[in-house]
Amino acid sequence: MPSIISQIEFHEERLEHCEHRLDDIRVTLRKKDILDADRSHLFLERDQLTLAISNHKITLKSLRHENRRSMMVSVAVVTIIALVYLFAIS
């Protein structure tokens, strides 16, 4: 199972790719000399990319929350171990 960090990196890369492609589509749609069929295909791709971007952002938010929670649990465990050690040696 991939780590949370690798999943976050994957989704960030996909998000960046989708946003870059969406910018390219917006520039292409501003051109007046493209065929109607190409224009409708670009609108469809734009809508799909917008949905993909939204999904990646939702997934990233969830993964970051899970990562924060895991970090807090790790800090708590280390703190408890340190306290037990300090009381054990005193």
Side-chain angles (χ1 to χ4, degrees):
M1 183 166 133
S3 70
I4 294 173
I5 298 298
S6 63
Q7 291 179 34
I8 288 172
E9 290 172 351
F10 170 78
H11 285 285
E12 284 176 341
E13 289 171 8
R14 295 302 306 156
L15 179 63
E16 183 179 334
H17 173 75
C18 289
E19 288 174 339
H20 179 70
R21 178 65 186 138
L22 187 60
D23 288 340
D24 290 345
I25 289 173
R26 287 179 178 150
V27 168
T28 305
L29 285 172
R30 287 188 192 115
K31 296 179 182 175
K32 297 182 182 192
D33 57 345
I34 61 174
L35 299 172
D36 287 339
D38 292 337
R39 185 177 297 276
S40 64
H41 175 73
L42 288 173
F43 278 125
L44 178 62
E45 187 177 355
R46 181 193 67 182
D47 294 342
Q48 291 170 345
L49 283 170
T50 303
L51 181 61
I53 287 170
S54 175
N55 289 338
H56 284 301
K57 286 182 178 180
I58 290 169
T59 303
L60 278 169
K61 182 178 179 182
S62 171
L63 287 170
R64 287 180 177 137
H65 176 73
E66 185 177 341
N67 191 39
R68 257 189 314 279
R69 186 176 47 202
S70 296
M71 183 191 66
M72 287 190 297
V73 168
S74 297
V75 168
V77 168
V78 168
T79 303
I80 290 170
I81 290 172
L83 289 173
V84 168
Y85 177 76
L86 286 174
F87 285 116
I89 63 169
S90 45

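Residue numbers start at 1 and run along the sequence shown. What's counted below: heavy atoms across the whole structure, side chains too, no hydrogens, waters or symmetry copies.
Rounding to the nearest 0.5 angstrom, the gap separating the CZ atom in Arg14 from the CG atom in Asn55 is 12.5 Å. With values rounded to the nearest 0.5 angstrom, Glu9 atom CD is found 7.5 Å from Ser3 atom OG.
For Asp23, the salt bridge (Lys or Arg N to Asp or Glu O under 4.0 Å) test picks out Arg26, with sequence neighbours left out. Among residues two or more places apart in sequence or in another chain, the side chain to side chain donor-acceptor pair (under 3.5 Å) test is passed with Ser40 by none. Checked against side chain to side chain donor-acceptor pair (under 3.5 Å), Arg68 has no partners two or more places apart in sequence or in another chain. Residues passing the side chain to side chain contact (heavy atoms under 4.5 Å, CB included) test with Leu35 are Asp38, sequence neighbours excluded.
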If you look only at distance, which donor and acceptor atoms sit under 3.5 Å apart when one is on a side chain in residues 71-84 and the other is two or more places apart or in another chain?
unit_1: Ser74; atom_1: OG; unit_2: Ser70; atom_2: O; d: 3.0
unit_1: Thr79; atom_1: OG1; unit_2: Val75; atom_2: O; d: 2.7

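The salt bridge (charged side-chain N to carboxylate O under 4.0 Å, His left out) pairs that include a residue from residues 41-64 are Glu12-Arg64, Arg21-Glu45, where partners are two or more places apart or lie in different chains. Applying the ring pair (Phe, Tyr, Trp, His ring centres under 6.0 Å) test to every pair with at least one member in residues 51-90, sequence neighbours left out, gives these pairs: His11-His56.
Side-chain contacts under 4.5 Å among hydrophobic residues (ILVMFWY), followed directly or transitively, place Ile25 together with Ile4, Ile8, Leu15, Leu22, Leu29, Ile34, Leu42, Phe43, Leu49, Ile53, Leu60, Leu63.
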